Protein chains: 2
Amino acid sequence: MSAKKRLVMKFGGKCLANENLIIKIANYLKQCLTKQPGLELVVVVSAMGDFTDKTLEQIQKLAPRLYHTDEKSLINREIDYATQSGEGISAAFLAIALNGIGVKARSLNAFQLRIQTTGDYQSAQIKDIDLNRLEKEFACYQVLVVTGFQGIHKADDAFVTLGRGGSDTTAVALAARLKCKCEFYKASAGITAFEPKYSDSAKVLSFITYADAKDLSQYGYEFLQPRCLDIAQRFSVPLEFKASPGLGNDPWAPGTVIGESLEQIEDTSYNFSALASKEDLALITLTQVKNLPGWSEKIFEVFKIVNLLDFQQIMTGPTAIINLIMTDKAYHKIHSNENDLITQIKDLDHAIEICERKGLICLTFIDSRMADDPGIGYLIAQALCLVGTNIEGQYSSGNKIHTFIAGAAGKAILSLANMFNLIQLP
Amino acid sequence: MSAKKRLVMKFGGKCLANENLIIKIANYLKQCLTKQPGLELVVVVSAMGDFTDKTLEQIQKLAPRLYHTDEKSLINREIDYATQSGEGISAAFLAIALNGIGVKARSLNAFQLRIQTTGDYQSAQIKDIDLNRLEKEFACYQVLVVTGFQGIHKADDAFVTLGRGGSDTTAVALAARLKCKCEFYKASAGITAFEPKYSDSAKVLSFITYADAKDLSQYGYEFLQPRCLDIAQRFSVPLEFKASPGLGNDPWAPGTVIGESLEQIEDTSYNFSALASKEDLALITLTQVKNLPGWSEKIFEVFKIVNLLDFQQIMTGPTAIINLIMTDKAYHKIHSNENDLITQIKDLDHAIEICERKGLICLTFIDSRMADDPGIGYLIAQALCLVGTNIEGQYSSGNKIHTFIAGAAGKAILSLANMFNLIQLP
């Protein structure tokens, strides 16, 4: 008798957008069970298509004044109760489609699985999941379809939601508890070396580490929330991103595995290169800043009301240059009328020169060879020059080079993708 | 300090069909609370518009083969989990709209209210409701919005539904437990003396007894399921049917009260007249049946596989006439090829003559004066003759006269309505 194998699969809203796609997923799951007898599947689902967005739009119409103020907290509980319904409908529908083709399946929601969370509506965190129910149901069912996104706040017996991307968290948390792999099904064939919106032919990565995945996510290419990557890393849950049935790519092709270390894959070398991009950024550069003890403190004192993404402070003899990187939103806060921080800096010392740019894009190139290859910065500059893109700012840290450009990112990304072989070979 | 007054209100799917109607209901509830300080409201809601029907259509697409066979039982649990979502969304939405205009409101579902039911998916019966939660919530909220239709089957922690019209049952059951009145809000201004689809000017009844309401319902004018009327009668819950805000009628006008006895209303006399109609009926009349002991038994033995709605057996000397009333569906079962009951009757005695008619309409006129006024049957015949409608069969029982006609019911009903003053005076 072969040991039972457990697997968590997660299907997103686009994969479940209509009844036909749900039936395609059901058929795929049936084939998975046929290929691996004894396999026990936990399938975590999001709400169908744009259910969640639509519901939030309706809620804004019902209480427009509340929704856009702090008083929104009055209705947070009801918002969560309404929005979590979508995952319930998806779970019931997939269980129905599975039974319709002879696969024993049952839906389970957060109440039935005792998914205990904090009471933070719209951003609850999972405290614990009781696996007893899952174990019991596996005696009768091959597929347990679990509602993502939902949690239970015990004090009130109320449904809470885990926030945007919360269904992913449900899936990783279940895989962590079941000590098994978690597969994410999306429209794309896996995680590509740069965002597929820039080119259909972006290379599908076979493996990346949790750390590199978090870097990509942090610098703007967010295929999975950092909280999910944290859980996966802490509990050593191998993740795989694969193509969902019915959306154009082959669900049977290998996808992208995210794991702890090279030991988890067959490849003997880990040559990871990928590109992330983040839009709507601003740079404020101060020059002629006094290079004296206490002056840094004065400058950062002024800016402490805004979140800085990164900064550089470069001493050039008697003066220093300070480069501040922030979102456009933070930039506008700096210039808010009642509190113009630039004027305050000028008041500190009129000698300081200030250069401000907004609406920039930061391209982050991540490459595992960075430490050994000093020529990568040159290649980036070359790739951008080839398409006439000016560099508005650039810095590196560890295995990453961040390059700021103005205008559209597309041609710059494609030129970098060609330079670093991030394009899928035919 | 005035004693707290409790009231259960029920809003149907049409009343909640969109965000604007929900906001109108919220405003109406706010005005009710202003007019009656200290009032505590339990508002029971159905799913918005055609949510339930649409969801059932989707489910049929997901598992078409199962859905139309006995195997449907495999997915009953999932059907209930998907369909009950609609009431949850409505409840959250109404609570949001109420909070949006400053009314403290909270949604409560079957889990939170411990609405324990039997485990019969799609037709569960309420066993008990724990009022502790309601009492606790009334300390903080003026309006508790309760999801209708839902129950909890404890063995599985699963949502079950109470079947068609189940939200009405939730409302009456809560009113029974809270020992208070239950108001039903609909598009019409109350219960009319005949179905409003036949005329806009049908008279709104001010009061009817549970018994008359059940008669109307039984004979085809079903404004409330008999199970709800049973609960209301058993626990002496006064019911009132009123116009829902935003649908054309005035919610502040008095509606129709359904109660136990005349003592519950101000009117000193109860002159109740109303008309119900039921379509798709068949009559089978047997003549020349032997009027001998044992022959009735033989005849009914043959027909016992079909449900008869009513029958008459009239002895005319040596022979008898038997009139059988059934639905068209039962009529077709009688003629099903493998088991033609008419042939079996002929085989009993070839002397029996059989007259069959299908596609008939039964008009049931209910009048509290029936016992004292022998001329009512004559007036019915006169009203039908006036519009050239032939009587295909007729019988009376207690305060009811049932008249079978062929063709469309409209003109016959309007003629009867005029004859018996069932039309609203301007």
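Lettering follows sequence order; numbering is per chain, from 1. Keep in mind that this is a model prediction, so the values were computed, not measured.
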Handout entry: When B:Gln84, B:Arg114, B:Lys104 are compared by non-hydrogen pairs under 4.5 Å with chain A, the top option
Key = B:Arg114
Fill in the blank from the handout: Most contact-rich option vs chain A, by heavy-atom pairs under 4.5 angstrom, among B:Glu71, B:Arg133, B:Arg65, is B:Arg133
Practice task
Indicate yes or no: at least one non-hydrogen side-chain atom of B:Phe93 is less than 4.5 angstrom from one of B:Met48.
Solution key: yes
If you tally heavy-atom pairs under 4.5 Å against chain B, which of [options] wins?
options: A:Ile59, A:Leu74, A:Asn18; result: A:Ile59
options: A:Gly100, A:Ala91, A:Ala92; result: A:Ala92
options: A:Ala26, A:Ala82, A:Pro64; result: A:Ala82
options: A:Ile96, A:Ile75, A:Ile101; result: A:Ile96

Problem - Sidechain N-carboxylate O distance under 4.0 Å for B:Arg6, B:Glu135 - result: yes
Practice task
Answer yes or no: is there an ion pair linking A:Asp120 with A:Arg77, defined by an N-O contact shorter than 4.0 Å?
Solution key: no
Contact origin within [X] toward chain A - heavy atom pairs under 4.5 Å:
X: B:Asp156; answer: both
X: B:Ile79; answer: both
X: B:Ser90; answer: neither
X: B:Ala158; answer: both
X: B:Gln60; answer: neither
X: B:Leu62; answer: both

With no hydrogens and no angle check, just 3.5 Å: does a side-chain donor-acceptor pair link [X] and [Y]?
X: A:Asn109; Y: A:Thr147; value: no
X: B:Lys10; Y: B:Ser46; value: yes
X: A:His153; Y: A:Gln116; value: no

Practice task
Answer with side chain, backbone, both or neither: which region of A:Glu57 has an atom nearer than 4.5 Å to a non-hydrogen atom of chain B?
Solution key: neither
Exercise for the section: Name the region of A:Arg106, side chain, backbone, both or neither, that has any atom closer than 4.5 Å to a heavy atom of chain B. Expected result: both
Practice task
Would you check if the distance from the ring center of B:Tyr185 to the ring center of B:Tyr28 is below 6.0 Å?
Solution key: yes
Practice task
Please check if the distance between the ring centroids of B:Phe159 and B:Phe111 is under 6.0 Å.
Solution key: yes
Completion exercise
Separation between SG (B:Cys182) and CG (B:Leu7), nearest 0.5 Å, reads 8.0 Å
